[in-house]
Protein chains: 2
Amino acid sequence: MDEAEVPVELARLWRIAPESRLGRPARLDVGAVVDAAVALADRDGLAAATLPKVAEALEVTKMSLYRHVGSKDELLVLMRDAAQGPPPASLEGTGPWRERLRGWAEAQAAVLERHPWLVRMPVTGPPSGPNGIAWFDAGLRALRETGLDWGAKVGVVMLVSQYVGGAAELAQGLAAGRGTGLDQAAAEQSYGRAMAALVDPGRFPDAAALFGSATFEATGPDTGGHDFRFGLELVLDGVAAAVERA
Amino acid sequence: MDEAEVPVELARLWRIAPESRLGRPARLDVGAVVDAAVALADRDGLAAATLPKVAEALEVTKMSLYRHVGSKDELLVLMRDAAQGPPPASLEGTGPWRERLRGWAEAQAAVLERHPWLVRMPVTGPPSGPNGIAWFDAGLRALRETGLDWGAKVGVVMLVSQYVGGAAELAQGLAAGRGTGLDQAAAEQSYGRAMAALVDPGRFPDAAALFGSATFEATGPDTGGHDFRFGLELVLDGVAAAVERA
DNA sequence: CAAGGATAGTATCCTAGAGATACTAACTGG
DNA sequence: CCAGTTAGTATCTCTAGGATACTATCCTTG
């Protein structure tokens with residue numbers, strides 16, 4: 001635990017305070033800045049979490065934020081870890097790996113529903129914050145009894161995580177379209193109609209058949225959840241095949 | 001094929017020219033703008049594809065671009081479709097669905113390698129451009145003989161596509177870290193060391209065990225390809241389970 | 001063959017964000 | 001009480017996206 005080797009950004013992520021009692025006492029700290037930014041993103045989307053707006057929310061000038069976060073990109077990393085939060089205690093229990101991994105995926109989906117902007121955030125690398133690590137750890141723990149090697153476990157955890165993120169992104173994409181008078185049904189109908197006009201059955205036989213089918217007309221609000229389950233079970237089936245092989 | 005109902009942005013995506021011979025003839029067209037933007041993104045990343053820079057590359061003022069693309073966001077959509085290009089002819093052949101879907105995924109991975117910035121582009125909805133539709137169509141065609149219903153086929157195609165994108169994103173994230181003198185091995189070693197210092201085996205037993213293992217030290221340049229195959233086969237196993245059920 | 005309408009491209013403005021620099025303010029320990 | 005240390009401020013620059021009002025160039029029609 002030699003913390004001297006840890007770079008500054010990681011120290012901030014893990015909230016390792018230098019504990020210096022010198023100089024002017026701070027009104028702000030990393031947590032306050034990040035919380036304010038997360039609150040803004042929750043309310044008005046990721047684009048609203050700008051340095052000027054965060055500063056205004058904290059009643060402070062923009063530049064003072066740089067005392068605590070280093071850069072906008074670093075703020076984004078901090079925001080992700082903070083918004084994720086720790087994995088819920090309900091994942092602690094024991095049980096068959098499939099149930100546990102399913103629960104893990106659903107818990108992550110719940111987080112993404114609470115903070116929709118998390119989905120659009122660029123992934124800059126492997127998890128490195130305390131909460132990111134905690135989720136990662138929980139995912140690995142679900143696979144503990146499977147006999148998979150480390151590489152496979154990592155692959156499985158990232159695959160499931162990717163799936164959850166992709167599904168959330170898709171759900172959000174479908175849910176967008178309201179806002180300027182068009183409700184979701186109208187948006188989808190207009191998409192379907194335009195596609196029907198553009199997709200030539202000669203060039204794109206299968207796609208045209210899809211758009212010709214009733215698939216894009218009967219999508220109610222519950223479909224998202226149903227589709228999510230379907231894909232998740234598919235992924236879990238794939239994991240099961242790997243587990244049986246090991 | 002009533003093209004009157006198609007909104008302007010879709011008309012531009014599909015290159016449906018209004019064919020008006022009136023007025024001053026254009027030096028530019030949608031294709032030229034998009035190609036220039038793609039070239040910039042290929043060379044210097046997505047952030048380099050700004051309206052001023054595209055305009056400079058075309059020796060034209062920034063504002064003239066708005067005659068052809070409508071907005072920056074629309075340009076991004078156009079760029080995606082253009083960069084994807086049509087799916088390769090090699091996917092046309094027939095064969096068992098698993099081989100075909102695998103080939104489809106690999107072809108898509110190749111596109112993402114050629115245009116790395118595609119990975120980071122926000123997904124704004126279902127595919128709507130000609131190339132996006134063509135890829136989608138090819139994916140559906142690979143599943144034609146599986147007996148899956150439309151909803152399942154769509155889910156499978158999107159799942160595989162998501163997987164490819166996620167894997168590419170991960171590969172890029174790992175490949176970043178060079179640039180300021182640190183080569184990849186050094187970056188990974190430094191990441192591993194910092195994590196080893198921060199991840200408390202008491203709080204995060206499985207993650208700590210992972211970082212303690214040799215997993216993060218033995219990753220050569222070929223590992224990406226290997227991991228990609230592993231995850232892809234996993235996904236295909238899941239699809240196989242769904243196909244057998246149908 | 002000249003208007004005049006239609007379209008392409010330009011010049012100039014504004015807003016907003018990220019960040020650099022140089023400053024002032026507040027505290028603490030010698 | 002003062003010198004060093006740290007927190008927050010004021011002001012400036014650069015870059016980007018976009019709005020508006022203009023000029024340039026061409027085709028068509030009278």
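A note on names: the letters A, B, ... follow the listed sequences, proteins ahead of strands, and every chain is numbered from 1.
Between the P atom of D:dA7 and the CG atom of A:Leu65 lies a distance of 13 Å, rounded to the nearest Å. Rounding to whole angstrom units, OH of residue A:Tyr66 and P of C:dG17 are separated by 12 Å. Rounded to whole Å, atom C1' of D:dT9 lies 15 Å from atom CG of A:Leu58. Rounded to whole Å, the distance from CG on A:Leu28 to P on D:dT9 is 9 Å. One can place NE2 of B:His68 at 6 Å from P of C:dA8, the figure rounded to the nearest angstrom. Between B:Glu56 atom CD and D:dT15 atom P there is a gap of 11 Å when expressed in whole angstrom units. Atoms CD (B:Glu59) and C1' (C:dA8) sit 17 Å apart, rounded to a whole Å. Atom NZ in B:Lys62 sits roughly 14 Å away from atom P in D:dT20 (whole-Å rounding).
Judged by distance alone, with hydrogens and angles left aside, A:Arg24 brings no side-chain donor or acceptor close enough to the base of C:dA26 to form a pair under 3.5 Å. One cannot find a donor-acceptor pair under 3.5 Å joining the base of C:dG17 and the side-chain atoms of A:Lys72.
Taking 4.5 Å as the limit, some side-chain heavy atom of A:Phe228 sits within range of a side-chain heavy atom of A:Leu232.
Counting non-hydrogen atoms of neighbouring residues, nucleotides and ligands closer than 6.0 angstrom, the CD atom of A:Glu113 reaches no more than 12 such neighbours. Annotation: B:Glu56, atom CD; neighbour count of heavy atoms from other residues, nucleotides and ligands within 6.0 Å does not exceed 12.
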List the steps, then state whether side-chain contact (heavy atoms from CB on, under 4.5 Å) holds for A:Ser128 with A:Leu13. CA-CA 8 Å; A:Ser128 48; A:Leu13 239 187; 3.8 Å; yes
Show your working on side-chain contact (heavy atoms from CB on, under 4.5 Å) between B:Gln108 and B:Leu112 and close with a plain yes or no. CA-CA 6 Å; B:Gln108 239 186 2; B:Leu112 295 185; 5.7 Å; no
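With distances taken from any side-chain atom of B:Lys53 to the nucleotides D:dA16, C:dG17, C:dG9, the minimum falls on D:dA16. Of the candidates D:dT9, C:dA18, D:dG8, the closest approach to any side-chain atom of A:Arg27 belongs to D:dG8. Here the nucleotide nearest the side chain of A:Thr61, chosen from D:dG18, C:dA8, D:dA10, is D:dA10. For B:Met63, the listed nucleotide lying nearest its side chain is D:dT20; candidates were D:dA16, D:dT20, C:dC27.
The residue among B:Gly70 and B:Gly23 whose nearest nucleotide of DNA chain D lies closer to the 5′ end is B:Gly70. Where B:Leu22 and B:Val60 meet DNA chain C, the nucleotide closest to each residue was compared, and B:Leu22 sits on the side nearer the 5' end.
In this model, the phosphate group of D:dA7 is not approached by any side-chain N or O of A:Ser64 to a distance below 4.0 Å at OP1 or OP2.
Contact annotation for A:Arg21: backbone-only contact, meaning every heavy-atom pair under 4.0 Å involves sugar-phosphate atoms and none involves a base.
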